[in-house]
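Below: one structure, written as structure tokens.
Treat the numbers as computed from the prediction; the structure is a model and nothing was measured.
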Protein chains: 4
Amino acid sequence: MTVPERLIDAATSLFAEKGFDRVAVQEIVERAGVTKGAMYHYFGSKDDLLREIYGRVLRMQQERLEKFAADTDPVAERLHAAAADVIITSVENYDAAKVFFRSVDSLPAEIRKDVRAERRKYHERFRALIEEGQAGGEFRADVPADLATHYFFGTVHHLGTWYRLDGPLKPEQLARHYADLLLASLRHQH
Amino acid sequence: MTVPERLIDAATSLFAEKGFDRVAVQEIVERAGVTKGAMYHYFGSKDDLLREIYGRVLRMQQERLEKFAADTDPVAERLHAAAADVIITSVENYDAAKVFFRSVDSLPAEIRKDVRAERRKYHERFRALIEEGQAGGEFRADVPADLATHYFFGTVHHLGTWYRLDGPLKPEQLARHYADLLLASLRHQH
Amino acid sequence: MTVPERLIDAATSLFAEKGFDRVAVQEIVERAGVTKGAMYHYFGSKDDLLREIYGRVLRMQQERLEKFAADTDPVAERLHAAAADVIITSVENYDAAKVFFRSVDSLPAEIRKDVRAERRKYHERFRALIEEGQAGGEFRADVPADLATHYFFGTVHHLGTWYRLDGPLKPEQLARHYADLLLASLRHQH
Amino acid sequence: MTVPERLIDAATSLFAEKGFDRVAVQEIVERAGVTKGAMYHYFGSKDDLLREIYGRVLRMQQERLEKFAADTDPVAERLHAAAADVIITSVENYDAAKVFFRSVDSLPAEIRKDVRAERRKYHERFRALIEEGQAGGEFRADVPADLATHYFFGTVHHLGTWYRLDGPLKPEQLARHYADLLLASLRHQH
DNA sequence: TATGAATGAGTTTTCATTCAT
DNA sequence: TATGAATGAAAACTCATTCAT
């Protein structure tokens, strides 16, 4: 693995573990097995490492959502697949996801603005799926799609505080359950 | 308002805004309109302020949940009321709730342990309601109650990142929608 | 002496000796006999110390020049007295004067702008004296007053690189010689 | 232009602009359009660049002064010519002259010693001219020649802080005025 | 009760220089 | 000749906390 990759990995795991502000650059370079100078050769600052982590998560999530949303299956199936995929990838990149949700306020103001804008776009793409289902009559329309989207991503956000990769629940089970709950809450009740 | 109260209020709003680690004691005392010496007269440390905020939130949530859970209404109604109440109180104490969810890792290790233990008790009380509904046949049993509880509290946790008190959605509407979504996801589908 | 005064004195002598950029804050506080924290209690930054030194020199020189210029003696006498006084005060505040002339480029850009504006005002007040003598016919008019002013202040500027307080030449002698040379260069030649 | 020449030029302009200590090697090589490795191939250190700049200025000034001093014209004319020439060459090599006067304290101690010795020799050669005029009766003898020499070089030193090559005053005019002022201050007054 | 000067450990960052290629 | 990744020492600055008053 290259030095920058080792640094990103070390930073990701440490930021996930203790929070950006409680991690010293010294710890990051020690975990990566390099010196501080090397870090500043590749990254302009500690903030830069965080920015890079955000960039990677955003790019990955956007690509994957797009793939699922653009499919031709019925909307309920596409939403279920996309929701399950968010869970799976969040769990597979557990540390990065944790950092993503908890360290927004540690980003420099201008980057934070950009990140929020990208997240909003992502949120809107997801919401559009729900609206599509509501327009087509599959989903109940008495819940604002925007609110349902927040509702679901809240659960994703929260994963980092309780889910254990080494626990009894496999990522696929977790993902299916969560996607089921989302769909259940959107379907018409009898 | 007394000096300690002013300090707690100032600390709560600042911690909510920027995160515990990005707030200097100097800022807190300035916002509270007192001096550092005064703060250290009433609180042993900056950590102490955080601990106090956690204590208040925990005590309040536990009391309220107990009140709703101990009622004699049908379980679905009790769960709906309890869920809606969590939302309402979180929104009414927006800053404290934000701090509560985001600053666990800034607590000193031993306090963090206590806080987690209390939260677990709270979580279990809520889960017990769901299990009661599953045992009685009102709720679907194919979703682990523990997971559904996490699912719901994730949405509460997440509120702090998007809900705006001054937005168009009133707390009561928000609470009803969220409680509806929870109940909808637990009911049997047709 | 108070702590801020001790710090200013230590900084002045060290900046004069080695130049602002070659002096570590650690050296300053050691010479002042305090800790770094104490320095940052009184001064916002290392730059701040430099700014303060500039402010003091500027205030003193402006006041003194004004006093001499506003007199009612013949202009040649007033110019001679003012010129000699610049030398005397520069020599009496040797370190501060050295810093003043050599560290402009180490000032933060905005402060540098202010300092230059103040110096210009000072320069213009001095130049006005020369122009007064030219207008009255005492001084030769074939040398631009502005240029003569620069000419003289160059010699003051330069003092720091060669004059030794502990040398054979007393400040008063130095001052008289320099003021004589200035006046000589301005008088009509036979 | 060769690589070493480009490096010297880049270093000279940057040192003149910001001062030796505020210029990073990285900036120098960027302005010169080469890499750090290349610089360290030709120069042993950043100090080495500064030493080279001092060497060039010293050699040039010494040669030129010698040429003017060794002439057979009357001493007043030789001094006037030498003085004007110092101004002209300082202005023609504005950046190098600026560096020469302002960065002595950034030279490594031993080099600084050498540079000061060479400057002293130069100063003495100039002073000898004044003493020659005093011995011959052309110049007033009541001003120490040493002091008059410092007086004049102070003005040269100072040029870098106010003279603008693109201003209204041409180098030749400046040089003539300054040489005139020097001679005027040395002549007997009526 | 309250002040605020002072501490000192810890933080991020810079940068001249080296060296394997 | 030249590259540029990597080093490591030193720098400025922050901040929770203490303590004499």
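Rounding to the nearest 0.5 Å places CZ of A:R102 at 14.5 Å from OG1 of B:T161. A distance of 7.5 Å separates CZ of A:R56 from OG1 of A:T12, quoted to the nearest 0.5 Å.
Applying the side chain to side chain donor-acceptor pair (under 3.5 Å) test to pairs two or more places apart or on separate chains, those with a residue in residues 36-48 of chain D are D:D48-D:R51. Residues in residues 7-26 of chain A take part in these salt bridge (charged side-chain N to carboxylate O under 4.0 Å, His left out) pairs, two or more places apart or across chains: A:E17-A:R31, A:K18-A:E27, A:D21-B:R22, A:R22-B:D21.
Under the side chain to side chain contact (heavy atoms under 4.5 Å, CB included) criterion, D:F101 pairs with D:R119, D:V156, D:H157, sequence neighbours left out.
The nearest whole Å value for the distance from the CD atom in B:Q26 to the C1' atom in E:dG4 is 9 Å. Atom CZ of B:F43 is separated from atom P of F:dT18 by 16 Å (rounded to the nearest Å). Atom pair C:I28:CD1 and F:dA10:C1' shows a separation of 15 Å (rounding to whole Å applied). Summarising the geometry, the separation between CG on D:D21 and P on E:dA16 is reported as 10 Å, rounded to the nearest angstrom. Look at CD on B:E27: it is 15 Å from P on F:dT17, rounded to the nearest Å.
In terms of heavy-atom proximity, A:T35 sits nearest to A:V29 at O-CG1, 3.8 Å. Across all non-hydrogen atoms, the minimal contact from B:S90 to B:A97 is O-CB, 3.7 Å. Between D:L107 and D:R112, the shortest heavy-atom contact is O-NH1, 2.9 Å.
A donor-acceptor distance shorter than 3.5 angstrom exists from the side chain of A:S13 to the backbone of A:A10, with no hydrogens or angles considered.
The side-chain heavy atoms of D:D95 and D:F15, taken from C-beta on, include no pair separated by under 4.5 Å.
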With the criterion being N/O to N/O and under 3.5 Å, what pairs connect the protein with nucleotides 6-10 of chain E, and how long is each?
{"residue": "E:dA6", "atom": "OP2", "partner": "C:Y42", "partner atom": "OH", "Å": "2.2"}
{"residue": "E:dT7", "atom": "OP2", "partner": "C:T35", "partner atom": "N", "Å": "3.3"}
{"residue": "E:dT7", "atom": "OP2", "partner": "C:T35", "partner atom": "OG1", "Å": "2.7"}
{"residue": "E:dT7", "atom": "O5'", "partner": "C:T35", "partner atom": "OG1", "Å": "3.4"}

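Residue C:Y40 places none of its side-chain N or O atoms closer than 4.0 Å to OP1 or OP2 of F:dT14.
Within 4.0 Å of D:V23, counting heavy atoms only, lie sugar-phosphate atoms of the nucleic acid but no base atom.
Across residues 44-57 of chain A, A:S45, A:K46 each have a non-hydrogen atom less than 4.0 Å from an atom of DNA chain E (numbered order).
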Starting at the 5' end of DNA chain E, what dot-bracket string do you get if Watson-Crick and G-U pairs under 3.5 Å are bracketed, crossing pairs use [ ], other-strand pairs use | and unpaired bases use dots?
.||||||||||||||||||||
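A salt bridge does not link A:E63 with A:R59: every distance from a Lys NZ or Arg NE/NH1/NH2 to an Asp or Glu carboxylate oxygen is 4.0 Å or more.
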